[in-house]
Visitor: 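Just dropping this structure here.
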Amino acid sequence: MTNTKSRAVFAIAAVAVLAMSACTTQPSTGSADTSTGATETPTTAAEPDYSAKLRDAIPTVMTDNAIPGVVVMVQSPSKGDWTSTFGTAELGRDVPITVDDYLRIGSNTKTMTSTVILQLVQEGVLSLDDPISKFRPDVPGGDDITIADLSEMRSGLYSYTFDPAFNATLDAEPQKAWTADELLAIAFSHPANAAPAQVFDYSNTNIVLLGVVIEQLTGMSASEAFDERIFSPLGLTHTHLPAPDDSSIPDTHPQGYQFGTNVDTIDSYAVPAAQLPDALSGTLKPLDQTDANPSWAWTAGGAISTPTDLAVYVKALVGGGLLDDDTQKLRLDSVQSMSSGSPKGVGYGLGIAQFAPGIFGHDGQLPGFSSFMAYNLDTGDTIIIGTNLSASPVDGQNAAVVVGKSIIGTLYGASDVPGAPAATVPTPTSEAPK
């Protein structure tokens, strides 16, 4: 998962976060511009024991990865709750990021899409075995691609987010309101990457197709379906999927940054080695992507939320409350390894990731923003991270996941994380860079 724009960095988020959990900081590769202000703004009075280590570790991670602002929320019945913010919401200014800020949550949206799909399955109006050709006859090979294949990232369909012309349009027309038909036409103009149900191959095309299915079966927009079936029942009053022509973020929100254009970052967010020192020193400024229209990500990555809402949501996503018991079990049991090198208990299923045995959730990445959400079924711990940088310029990893390594390592330690490998981290060849 070293990807770009809603590229859900899954190979790394699902493996490296826990595989490297013994590391509470990353090696320093340069000194960041002090205007990013990696200064903590505590938001809780009572401090749990682990907070002191994180107060030291997180600013170091931010400096080493040029991350302007971070919000962290940990809810732990055994270790204690802790919420804090670091850095700035706007480069060059002392504007504290806050826990109530709205953020673009990228591929965390995928979990919402698959949740509605599973609700429709339990209502008997859809089957996971239905071929997508039943709803979109124009899908290449659609007779052999099931709804489950799409949700589990095993359709083999090309992700439109790799297309060079598409990325050039994102750069030239950042306010363009994309339609699902436009996105799918781009995807279908390319040959499939693999046969259905054979390999894990992360593709936004899959989840846009599921958005189309949702609209056909519910008779409402995907935004309305999300609100009626997820946001309203959970009381998520600060979460929504914007209409395609809406590029705004509600106040308050940080400015969102990305190193490189969309064309530059098709394959990786990592800054070229010759430019990295300037990126880390603040001489090379990231682009402000705050107001770029997210309609190109739609049901695969367009949602907006707050850390507080995400904490409620991920607990219901993993612990139950949105699906009946049988369907919830089906979802958790659907997780499969993403590659032959993945540790036991790490994988991806029906719109959900497993980071370690008992720990489920997802991450998200969109130009300007990154996020990470996880819930531990064994301990009841919830971890939410949001940043206003897409990815680290050092290696292209999702910036929230980079911060997450410090947090997970501090909370659990490598020896306490089942299945965490001690050495190298395998990266599936099927990872999708956007």
Side-chain angles (χ1 to χ4, degrees), residues 4-8 89-90 97-98 100-113 115-116 160-161 166-167 169-186 204-205 207-216 218-232 234-258 261-262 287-310 313 362 364-371 386-388 390 434:
T4 72
K5 313 177 246 323
S6 186
R7 299 174 178 184
E90 184 175 349
I97 194 169
T98 79
D100 296 319
D101 280 351
Y102 287 86
L103 305 168
R104 299 195 191 279
I105 63 170
S107 287
N108 288 307
T109 310
K110 290 177 170 66
T111 67
M112 300 166 180
T113 304
T115 294
V116 175
Y160 60 87
T161 50
F166 164 77
N167 282 277
T169 302
L170 288 181
D171 289 331
E173 304 176 50
Q175 291 302 312
K176 177 177 170 58
W178 294 84
T179 68
D181 286 343
E182 288 177 309
L183 301 172
L184 294 175
I186 295 170
N204 282 349
T205 302
I207 313 303
V208 169
L209 280 168
L210 293 183
V212 170
V213 172
I214 288 171
E215 294 197 335
Q216 288 185 19
T218 64
M220 61 180 68
S221 71
S223 300
E224 292 168 332
F226 281 18
D227 184 64
E228 181 176 296
R229 292 170 167 269
I230 300 175
F231 306 153
S232 292
L234 293 180
L236 306 183
T237 57
H238 302 290
T239 304
H240 70 286
L241 179 66
D245 61 352
D246 183 6
S247 62
S248 66
I249 308 180
D251 287 331
T252 58
H253 63 81
Q255 298 300 107
Y257 300 98
Q258 170 179 299
T261 67
N262 290 288
L287 302 175
D288 190 328
Q289 295 279 10
T290 310
D291 297 321
N293 190 312
S295 58
W296 64 267
W298 194 41
T299 52
I304 293 171
S305 189
T306 64
T308 300
D309 270 16
L310 283 182
Y313 171 67
H362 214 282
Q365 197 171 356
L366 207 71
F369 300 89
S370 59
S371 52
T387 84
N388 57 343
S390 301
K434 284 193 181 176

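What you are looking at is a predicted structure, and each value in this text was computed from that prediction instead of being measured.
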Visitor: Do Y160 and E182 touch side chain to side chain, with heavy atoms closer than 4.5 Å?
Guide: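 In short, these two side chains do not touch, never coming nearer than 4.5 Å.
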Visitor: So which atom in S370 and which in T387 form the shortest heavy-atom distance, rounded to 0.1 Å?
Guide: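 The pair with the smallest heavy-atom distance is OG-OG1, 2.6 Å.
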Visitor: Side chains of T299 and E215: closer than 4.5 Å at any heavy-atom pair?
Guide: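 Counting from C-beta outward, T299 and E215 never come under 4.5 Å.
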Visitor: Would you indicate whether the side-chain heavy atoms of V212 and W298 approach each other to under 4.5 Å?
Guide: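 Yes, at least one pair of side-chain atoms sits under 4.5 Å.
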Visitor: With rounding to the nearest 0.5 Å, note down the distance linking CG in D309 to CG in D100.
Guide: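 Between D309 CG and D100 CG, I get 10.0 Å after rounding to 0.5 Å.
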Visitor: Decide yes or no for R229 and T218: does some side-chain heavy atom of the first lie under 4.5 Å from some side-chain heavy atom of the second?
Guide: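 With C-beta onward as the side chain, the pair touches.
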Visitor: Testing H240, H253, H238 for ring pair (Phe, Tyr, Trp, His ring centres under 6.0 Å) with Y102, which one passes?
Guide: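 Testing each of H240, H253, H238 against Y102, the sole residue satisfying ring pair (Phe, Tyr, Trp, His ring centres under 6.0 Å) is H238.
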Visitor: From E228 CD over to M220 CE, what is the distance, rounded to the nearest 0.5 angstrom?
Guide: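 With rounding to 0.5 Å, CD (E228) is 4.0 Å from CE (M220).
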Visitor: Is there a donor-acceptor pair under 3.5 Å between the side chain of S107 and the backbone N or O of K110?
Guide: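 Such a contact is absent between S107 side chain and K110 backbone.
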Visitor: Report yes if the distance between the aromatic ring centroids of W178 and F166 is under 6.0 Å, otherwise no.
Guide: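 Distance test on ring centres: under 6.0 Å, yes.
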Visitor: Which value, rounded to the nearest 0.5 Å, describes the distance between N293 atom CG and E173 atom CD?
Guide: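 Spacing of CG (N293) from CD (E173) equals 11.0 Å.
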Visitor: With a 4.5 Å heavy-atom cut-off, do S305 and L236 have their side chains touching?
Guide: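 No; the side chains remain at least 4.5 Å from each other.
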Visitor: Under 3.5 Å, is there a donor-acceptor pair between the T98 and D101 side chains?
Guide: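 There is such a pair between these side chains.
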Visitor: Looking at every heavy atom in both S223 and P242, which two are closest together, and how far apart are they?
Guide: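 Closest approach of S223 to P242: OG-O, 3.7 Å.
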Visitor: Supply the atom-to-atom distance Y257 OH to E90 CD, rounded to the nearest 0.5 angstrom.
Guide: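 These two atoms lie 5.0 Å from each other.
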Visitor: Find the distance between CD1 (I186) and OG1 (T169) and round it off to the nearest 0.5 Å.
Guide: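 Going from CD1 on I186 over to OG1 on T169, the span is 7.0 Å.
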Visitor: Closest approach of L366 and P294, non-hydrogen atoms and distance?
Guide: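 Looks like CD2-CB, 3.8 Å.
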Visitor: Without hydrogens or angle criteria, can the side chains of D181 and T179 be said to hold a donor-acceptor pair below 3.5 Å?
Guide: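 On atom types as modelled, these side chains do not qualify, holding no pair under 3.5 Å.
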Visitor: Could you tell me whether the side chain of N262 reaches within less than 4.5 Å of the side chain of D171, counting heavy atoms only?
Guide: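 SC-SC contact between D171 and N262 confirmed.
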Visitor: Indicate the atoms forming the closest heavy-atom contact of Q175 with D291, along with that distance.
Guide: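 Taking every non-hydrogen atom into account, NE2-O, 2.6 Å.
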Visitor: State, to 0.1 Å, how close R104 and I304 come at their nearest heavy-atom pair, and which atoms those are.
Guide: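 So the minimum-distance heavy-atom pair works out to NH1-CD1, 3.7 Å.
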Visitor: How long is the straight-line distance from CG of L103 back to CD1 of I97, given to the nearest 0.5 Å?
Guide: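 Nearest 0.5 Å value for the CD1-CG distance: 6.0 Å.
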Visitor: Could you report the tightest heavy-atom contact between N108 and G364, atom names first, then the distance?
Guide: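 Here N108 and G364 meet closest at ND2-N, 3.7 Å.
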Visitor: Would you indicate whether the side-chain heavy atoms of I105 and F369 approach each other to under 4.5 Å?
Guide: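 No, too far: nothing below the 4.5 Å cut-off.
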Visitor: Does a side-chain heavy-atom distance below 4.5 Å link V208 with W296?
Guide: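 In short, these two side chains do not touch, never coming nearer than 4.5 Å.
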Visitor: Could you walk me through whether T205 and L184 pass the side chain to side chain contact (heavy atoms under 4.5 Å, CB included) test, one step at a time?
Guide: CA-CA 7 Å; T205 302; L184 294 175; 3.9 Å; yes
